[in-house]
Student: 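Can you read through this structure? Questions will come right after.
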2 protein chains.
Amino acid sequence: MGEQPDYFVKSAEKTLAVLLAFNAAHKSLTVTEVAGAIGVSRAAARRFLLTLVDLGYLEVEGSAYRQTPRVLDIGASYLAGLTLPQVARPHLQALANRLSETTSLCVLDDQDILYVERISNPRLHSMTVSIGNRLPAWATSMGRVLVAELPEAAREEFLNNAKLQHYTAKTVSSIDELRAELDTVREQGWSLVAQELDEGLRGLAVPVYRGAQLLGALNVSVQPGRIGSASITDEMLPLMRQAAIDIADDFGGRTAEQN
Amino acid sequence: MGEQPDYFVKSAEKTLAVLLAFNAAHKSLTVTEVAGAIGVSRAAARRFLLTLVDLGYLEVEGSAYRQTPRVLDIGASYLAGLTLPQVARPHLQALANRLSETTSLCVLDDQDILYVERISNPRLHSMTVSIGNRLPAWATSMGRVLVAELPEAAREEFLNNAKLQHYTAKTVSSIDELRAELDTVREQGWSLVAQELDEGLRGLAVPVYRGAQLLGALNVSVQPGRIGSASITDEMLPLMRQAAIDIADDFGGRTAEQN
DNA sequence: GACTATATGTGCGCATTGCGTACTGTTGTA
DNA sequence: TACAACAGTACGCAATGCGCACATATAGTC
């Protein structure tokens, strides 16, 4: 591995590697740490760090480098360009209000689902995910909807690369089990995942389709100690399907205008 | 201008420039457009674009390049590293619920405020800002709080660089007027901005202090057609100040443990 | 169909860029 | 005082990344 095509700009990869070296566990890093993390000499790491300070993406305090809020700009340009979250927001809000639960909208990126919009109910202290966060697709209701709707080949590739983990006692434990579940999800057009990622966490998701194009998945996370599975689907599913249709319709209108 | 220090990694700047060339007005770009936008030859732009496709940050369709959700990772690593939004969330939720309004938390970056957490009330179809979004600091309640608390020199530098705009009839129209307003804000410890950025939009903000360190600003946006200014401050201010204190306390506890 | 105009894809030679090594200085520890 | 581990800096060399130039493709115009 490691054979790069001849158009490859190595510095681009390194630049992003430097920015991504910072995370929750490593909020602040030294030159030596960064050099170790991305596999270059201290001198090289230092050049990148100082450059990024100069550009305003990092700040130094003594020998400790840390990210500045400016790094958010890169992702913000993506979110601003997406019509989907903007269009979806009022519908997610209405749904969250009607059901008194938290609603989310996700897209698929490789093996993960990625939150692009989320309305959390102020009355509940719900799980701490925010826009841009990733969760493993195979273990979530939205992920299963998105993967189930994938073309056969892509779905199999997903399954081949899936790294199952045993989060709770209820977590799906084999690829075959997961494949069967995906078939069910595809047939019924929704997915209910109960306590597979976290105890006391249930999520119901439906796809958001615009014609033949899959825009994303819509989710309602159901509070623990609430109604049982049967009434969840009976009560919530029609509302969610309608919301998905409304979002798709609005999206169609909005994107037709602007290119 | 343009004189760069000798440690400067030019490719890093170009890499980020390529990613930032995409925005709401330019969701998808061609090689030539990118080359023009960042000022390099087509061949160079193409190398960067193909590299970023290879790394998964962009995707091509014919000759149209667009961002993938992966660009959110860069900002997500910043948000994950910040303790403040996580700590603040439950307090913002409680406050939003109590007041039936939308609450936000911002930090200052140069001339802008930057949303790092936001709880929007599902019952209201509020203004479309999300985490990572920027607004001009001088025209917002949170911005005025954050700038007012800056040291004298930094505050004056902010004022020197401020580019005032006439958003509405009520917008502050001169630097001197703004300076006087900032003095008032600093004295009273809160800022109320009514309809200066947008008609029918009022925001009340207080600073979040931990000892002498300014962590950010907390805001409640007040619905149009609600109570008058006097009762806004009477009713809301005590709750907001308490929330700010609670956040700072929690923050102190959380950061003391880890590093 | 011929002629422009404007786009993308590609090969190549050369200068710049960015590389690591090696050195110095500083701090903290045994 | 010796030693280890860190940050900063200088420098020479090679790889990297540059733009030019040419081939090719797709429209629009007459």
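Every chain is numbered from 1 and lettered A, B, ... according to where its sequence line falls, protein lines coming before strand lines. From a predicted model like this one, the values you see are computed outputs, not experimental measurements.
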Student: Looking at every strand, decide which applies to B:Ser41 at a 4.0 Å heavy-atom threshold: base, sugar-phosphate, or nothing.
Tutor: base
Student: Which is more 5' along DNA chain D, the nucleotide nearest A:Val31 or the one nearest A:Ala12? Just name the residue.
Tutor: A:Val31
Student: Heavy atoms under 4.0 Å is the rule here; annotate nucleotides 9-16 of chain D 5' to 3' with B where the base is hit, S where only the sugar-phosphate is, and - elsewhere.
Tutor: B------S
Student: Between atom NZ in A:Lys14 and atom C1' in C:dT17, what is the gap in whole Å?
Tutor: 11 Å
Student: With a 4.0 Å cut-off, would you call A:Glu152 and A:Arg155 a salt bridge?
Tutor: yes
Student: Does a salt bridge link B:Arg70 with A:Asp110, judged by any charged N lying under 4.0 Å from a carboxylate O?
Tutor: yes
Student: Rounded to whole angstrom units, what separation is found between the CG atom of A:Leu52 and the P atom of C:dG18?
Tutor: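 Atom CG in A:Leu52 sits about 12 Å away from atom P in C:dG18.
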Student: Does the A:Glu33 side chain pair with the main chain of A:Thr30, one donor and one acceptor, at a distance under 3.5 Å?
Tutor: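 Yes.
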Student: Using whole Å, what does the distance between atom C1' of nucleotide D:dC6 and atom CD of A:Glu33 come to?
Tutor: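 In whole Å, D:dC6 C1' lies 11 Å from A:Glu33 CD.
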Student: Does some side-chain heavy atom of B:Leu84 sit less than 4.5 Å from a side-chain heavy atom of B:Ile247?
Tutor: yes
Student: Over how many whole Å does the gap from B:Phe48 atom CZ to C:dT17 atom P extend?
Tutor: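 So the two atoms are 12 Å apart, to the nearest Å.
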Student: Starting from P on D:dC18, measure out to OH on A:Tyr7 and report it in whole angstrom.
Tutor: 16 Å
Student: Measure the shortest side-chain to side-chain distance between A:Val206 and A:Val145 over non-hydrogen atoms and say whether it is less than 4.5 angstrom.
Tutor: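 Not touching, per the 4.5 Å side-chain cut-off.
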Student: Using a 3.5 Å distance criterion without hydrogens, assess whether the side chain of A:Gln111 forms a donor-acceptor pair with backbone atoms of A:Phe158.
Tutor: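 Yes; at least one donor-acceptor contact below 3.5 Å.
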